[in-house]
There are 2 protein chains.
Amino acid sequence: MHEPVDLLKAISDHGRLRILKLLETRSLCVCEITEIIGLATSTISSHLNLLKNSRLIEDEKDGKWINYRLASPADPLFAQLWPLISKRLELDPVVAADKKKAAQVDRYKICGNGK
Amino acid sequence: MHEPVDLLKAISDHGRLRILKLLETRSLCVCEITEIIGLATSTISSHLNLLKNSRLIEDEKDGKWINYRLASPADPLFAQLWPLISKRLELDPVVAADKKKAAQVDRYKICGNGK
DNA sequence: ATTATATTTCTAAGAATATCGAAATGAATG
DNA sequence: CATTCATTTCGATATTCTTAGAAATATAAT
């Protein structure tokens, strides 16, 4: 499971790349990520689980939320590849939009109470 | 099709990584690659086609053979990522075995006549 | 030209993946 | 302790991927 191909598979999904890019800036809870990315909660949860099993992210409880962040120390190969991929992703309009949303998102507003 | 995620998907397969690694040393024809990797010819052909469509490799006719080689100039992101991945792949025993086989393989012997 | 052969394309099967909604879990709040 | 709410798990479906063998293509050799 620490084969290069497994790492590559873990990051070969647009949704997961968007999640990793988000977590680059700051840690976020599942409902924040869900709100920003716009997929079903269960889908986001499954992506997070996959990234966690690949040791690319970690989680930590915070009251009623679970915050996810990039794993540290990072997987050695990921640490080498990610800065290059990350930079390239910034040209992606979807990723840029995600970043804007992330700057404004407030978990007290979006989680739970309807919208 | 020049999105980072498409490049990552193209290289997220052990067979395709093995092919890229082989072509790093020298260009090879389809039957040589097939002999070394040990998958069906049609499977190798389909991997080669995918890598070619992703602009990671190129082909060139050579008598009755078609030689494949790494594309040059390489895709910019691939050019950055590949040396890092390639180095890591050298720890893979399968990749090491491929390299040995590639050094010995002779297309006049293996192509066509039975074995 | 006929044959041999290297490669691709077609067809099909099985495995893996992405997705969602509903149900379950589990912790925090009142 | 009952309720609320964030998150995960389950069940189900649709899609994509990997693979192989057979048929088709095209080129070289005889």
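Any value given below was found using the heavy atoms of this structure, including those in side chains, with hydrogens, waters and symmetry copies removed. Convention: sequence-line order gives letters A, B, ...; per-chain numbering from 1.
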Summary of salt bridge (charged side-chain N to carboxylate O under 4.0 Å, His left out) pairs that have at least one residue in residues 37-52 of chain A, sequence neighbours excluded:
A/Lys52-A/Asp59

[X] side chain N/O closer than 4.0 Å to the phosphate oxygens (OP1, OP2) of [N]?
{"X": "B/Thr43", "N": "D/dT19", "value": "no"}
{"X": "A/His14", "N": "C/dA18", "value": "no"}
{"X": "B/His47", "N": "D/dC17", "value": "no"}
{"X": "B/Tyr108", "N": "C/dA6", "value": "no"}

Evaluation steps, salt bridge (charged side-chain N to carboxylate O under 4.0 Å, His left out), between B/Arg55 and B/Asp75
CA-CA 7 Å; B/Arg55 314 278 177 180; B/Asp75 168 273; over 6 Å; no

Out of [options], which nucleotide sits closest to the side chain of [X]?
{"X": "B/Leu50", "options": "C/dT9, D/dT19, D/dT18", "result": "D/dT18"}
{"X": "A/Cys31", "options": "C/dT19, C/dT8, D/dT7", "result": "D/dT7"}
{"X": "B/Cys29", "options": "C/dT7, D/dT19, D/dT7", "result": "C/dT7"}
{"X": "A/Ser45", "options": "D/dT19, D/dA6, D/dT9", "result": "D/dT9"}
{"X": "B/Leu39", "options": "D/dA20, C/dA6, C/dC20", "result": "D/dA20"}
{"X": "A/Thr41", "options": "C/dC20, C/dT7, D/dT7", "result": "D/dT7"}

May I have the distance from [X] (atom [atom1]) to [N] (atom [atom2]), rounded to whole angstrom?
{"X": "B/Ile37", "N": "D/dT19", "atom1": "CD1", "atom2": "P", "answer": "10 Å"}
{"X": "A/Ile110", "N": "D/dA6", "atom1": "CD1", "atom2": "P", "answer": "9 Å"}
{"X": "A/Ile57", "N": "D/dT8", "atom1": "CD1", "atom2": "C1'", "answer": "14 Å"}
{"X": "A/Ile66", "N": "D/dT8", "atom1": "CD1", "atom2": "C1'", "answer": "8 Å"}
{"X": "B/Leu51", "N": "D/dC17", "atom1": "CG", "atom2": "C1'", "answer": "14 Å"}
{"X": "B/Ile33", "N": "C/dA6", "atom1": "CD1", "atom2": "P", "answer": "14 Å"}
{"X": "B/Ile44", "N": "C/dT8", "atom1": "CD1", "atom2": "P", "answer": "11 Å"}
{"X": "A/Leu48", "N": "D/dT8", "atom1": "CG", "atom2": "P", "answer": "7 Å"}

Please check this pair: side chain of B/Arg18 against backbone of B/Asp98, looking for a donor-acceptor N/O pair closer than 3.5 Å.
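No, because the side chain of B/Arg18 does not come within donor-acceptor range (under 3.5 Å) of the backbone of B/Asp98.
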
Donor-acceptor contact below 3.5 Å, side chain A/Ser12 vs main chain B/Ser12
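No, the answer is negative, given that no donor and acceptor are paired below the 3.5 Å cut-off.
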
Applying the side-chain contact (heavy atoms from CB on, under 4.5 Å) test to [X], which of [options] qualifies?
{"X": "B/Ile36", "options": "B/Ile44, B/Ile19, B/Ile110, B/Leu22", "value": "B/Leu22"}
{"X": "B/Arg107", "options": "B/Val30, B/Leu28, B/Asp62", "value": "B/Asp62"}
{"X": "A/Trp82", "options": "A/Leu56, A/Leu89, A/Leu7", "value": "A/Leu89"}

Hey, does B/Thr43 have a side-chain heavy atom less than 4.5 Å from the side chain of B/Thr34?
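The answer is no; the side chains never approach within 4.5 Å.
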
Looking at DNA chain C, which of residues 95-104 of chain B put a heavy atom within less than 4.0 Å of it?
none

Report, as a single string ordered 5' to 3', how protein heavy atoms within less than 4.0 Å touch nucleotides 22-30 of chain D: B base, S sugar-phosphate only, - not at all.
B----SS--

Please determine whether residues A/Val94 and A/Leu39 belong to a single hydrophobic cluster, defined as Ile, Leu, Val, Met, Phe, Trp and Tyr linked transitively by side-chain heavy-atom distances below 4.5 Å.
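Different clusters.
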
Partners of B/Ser42 by side-chain hydrogen bond (donor to acceptor under 3.5 Å, both in side chains), sequence neighbours excluded?
none

Strictly below 4.0 Å, heavy-atom distances to any atom of DNA chain D: list the hits from residues 15-28 of chain B, or just say none.
B/Arg16

Got a sec, which residues hit side-chain contact (heavy atoms from CB on, under 4.5 Å) with A/Ser27, two or more places apart in sequence or on another chain?
A/Asn67, A/Arg69

Checking all strands, does B/Asn49 fall into the base, sugar-phosphate, or nothing category for heavy-atom contacts under 4.0 angstrom?
nothing

Closest-nucleotide mapping onto DNA chain C: is A/Gly38 or A/Lys9 further toward the 5' terminus? I mean the 5' end.
A/Lys9

I need the A/His2 NE2 to A/Leu77 CG distance, nearest 0.5 Å.
13.0 Å

The test is salt bridge (charged side-chain N to carboxylate O under 4.0 Å, His left out); show your working for A/Lys21 and A/Glu90 and say whether it passes.
CA-CA 9 Å; A/Lys21 199 79 185 94; A/Glu90 283 168 17; 3.0 Å; yes

